[in-house]
Amino acid sequence: MELKTLSIRPFIGAKDFELSKSFYRDLGFEEVILTPNMCLYKNGQVGFYLQDAYVQDWVDNTMIFIEVENANEFYDELLGLNLTSKYENVRLIPVRTEDWGRECFLHDPSGILWHFGEFFNK
């Protein structure tokens with residue numbers, strides 16, 4: 001079988017759907033309302049579905065990695081958004097350098113862990 005993929009769009013949950021919708025708009029994603037309980041958030045070819053659904057074990061174990069061109073610059077842009085001041089429970093963790101590349105981390109209002117990283121060698 002030759003797998004020809006076009007995109008991947010994970011489904012994530014939200015403890016407070018309206019708060020999470022605001023957070024992802026502030027983060028720079030375009031919001032497409034699909035139903036009263038689900039939205040698509042996209043930026044370029046990257047997208048995900050946000051659901052008005054919350055199962056703590058599911059959300060606590062959800063991690064998403066987005067590749068960025070420059071992790072240090074991206075982190076600086078995240079700092080400038082003041083998300084940790086605007087949203088309770090949002091945490092931003094500075095860039096770490098690993099053998100494979102660099103990444104910073106952002107916890108959304110529900111606790112979903114986002115990794116934003118760059119690879120040294122692709």
J.: List for me each residue that meets side-chain hydrogen bond (donor to acceptor under 3.5 Å, both in side chains) alongside Glu67, sequence neighbours excluded, and say none if there are none.
T.: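 Glu67: side-chain hydrogen bond (donor to acceptor under 3.5 Å, both in side chains) contacts with Lys122.
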J.: Compare all side-chain heavy atoms of Arg91 with those of Leu106 and state whether any distance is below 4.5 angstrom.
T.: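 No, their side chains stay 4.5 Å or more apart.
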J.: Under 3.5 Å, is there a donor-acceptor pair between the Tyr87 and Asp108 side chains?
T.: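 No - no donor-acceptor pair under 3.5 Å links their side chains.
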J.: What I'd like to find out is whether the side chain of Val46 reaches to under 4.5 Å of the side chain of Ile66, using heavy atoms alone.
T.: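 In contact.
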J.: Considering residues at least two apart in sequence or located in another chain, which fulfil the ring-ring contact (aromatic ring centres under 6.0 Å, His included) criterion with Phe17?
T.: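 Testing Phe17 for ring-ring contact (aromatic ring centres under 6.0 Å, His included), a comparison that skips the adjacent residues, returns none.
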J.: Once rounded to the nearest 0.5 Å, what's the spacing between atom SG of Cys39 and atom CZ of Phe48?
T.: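 One finds 9.5 Å between SG of Cys39 and CZ of Phe48.
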J.: Between Leu81 and Ile93, is there a shared hydrophobic cluster once you connect ILVMFWY residues whose side-chain heavy atoms come closer than 4.5 Å?
T.: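 In one cluster: no.
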J.: Is there side-chain contact between Asp26 and Leu83, with at least one heavy-atom pair below 4.5 Å?
T.: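 Side-chain contact under 4.5 Å: yes.
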J.: Between Ser110 and Val59, what is the shortest heavy-atom contact and its length?
T.: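 The answer is O-CG1, 3.4 Å.
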J.: Does any non-hydrogen side-chain atom of Tyr41 lie less than 4.5 Å from one of Lys21?
T.: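 Touching, per the 4.5 Å side-chain cut-off.
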J.: Any side-chain heavy atom of Tyr49 sitting closer than 4.5 Å to one from Leu34?
T.: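 Heavy-atom side-chain distance check passes, below 4.5 Å.
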J.: From Phe29 CZ over to Phe23 CZ, what is the distance, rounded to the nearest 0.5 angstrom?
T.: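 So the CZ of Phe29 and the CZ of Phe23 are separated by 9.0 Å.
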J.: Take atom CD in Glu98; do more than 12 heavy atoms of anything else shown fall under 6.0 Å from it?
T.: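 Above 12, so yes.
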J.: Can you check whether Phe105 and Phe65 have ring centres sitting under 6.0 Å from each other?
T.: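 No; Phe65 has its ring centre 6.0 Å or more from that of Phe105.
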J.: Any chain of hydrophobic side-chain contacts (each under 4.5 Å) joining Ile12 to Leu40?
T.: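 In one cluster: no.
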J.: Got a second to check how far Leu50's CG is from Asp52's CG, nearest 0.5 Å?
T.: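 Answer for the CG-CG pair, Leu50 versus Asp52, is 8.0 Å.
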J.: Would you say Glu30 and Asn43 make side-chain contact, with heavy atoms under 4.5 Å?
T.: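 Not in contact.
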J.: Are Tyr24 and Ile33 connected in the hydrophobic side-chain network, where two residues link if heavy atoms are under 4.5 Å apart?
T.: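 No.
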J.: Assess the pair Trp58 and Phe11: is the distance between their ring centroids shorter than 6.0 Å?
T.: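 So the answer is no for these two rings.
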J.: Grouping I, L, V, M, F, W and Y whenever their side-chain heavy atoms are under 4.5 Å apart, do Met38 and Leu27 come out in a common cluster?
T.: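 Different clusters.
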J.: Starting at CD1 of Ile112, measure out to OG of Ser20 and round the result to the nearest 0.5 Å.
T.: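 The OG atom of Ser20 is 7.5 Å from CD1 of Ile112, to the nearest 0.5 Å.
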J.: Look up atom OG1 in Thr62 and atom CG in Leu113, then write down how far apart they are to the nearest 0.5 Å.
T.: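 Rounded to the nearest 0.5 Å, the OG1-CG separation comes to 9.5 Å.
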J.: Aromatic rings Phe74 and Phe116: how do their planes relate, parallel, tilted or perpendicular, breaks at 30° and 60°?
T.: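 It falls in the tilted class, 30° to 60°.
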J.: Say you draw a straight line from CG of Asp99 to CG of Asn121; how long is it, rounded to the nearest 0.5 Å?
T.: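 Going from CG on Asp99 over to CG on Asn121, the span is 11.0 Å.
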J.: Given side chains that start at C-beta, do those of Asp16 and Pro109 come closer than 4.5 Å, heavy atoms only?
T.: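 No. Closest side-chain heavy atoms not under 4.5 Å.
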J.: Does some side-chain heavy atom of Asn89 sit less than 4.5 Å from a side-chain heavy atom of Lys15?
T.: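 No, every pair of side-chain atoms sits at 4.5 Å or beyond.
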J.: Under a single-linkage definition using a 4.5 Å side-chain heavy-atom cutoff for Ile, Leu, Val, Met, Phe, Trp and Tyr, are Val55 and Met63 assigned to the same hydrophobic cluster?
T.: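 The answer is no; the residues belong to distinct hydrophobic clusters.
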J.: Check whether Glu118 reaches the backbone of Val68 with its side chain - one donor and one acceptor, N or O, closer than 3.5 Å.
T.: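 Judged by distance alone, no pair lies under 3.5 Å.
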J.: Hey, would you say the Trp100 and Phe120 ring centroids sit under 6.0 Å apart?
T.: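 No: the rings miss the under 6.0 Å criterion.
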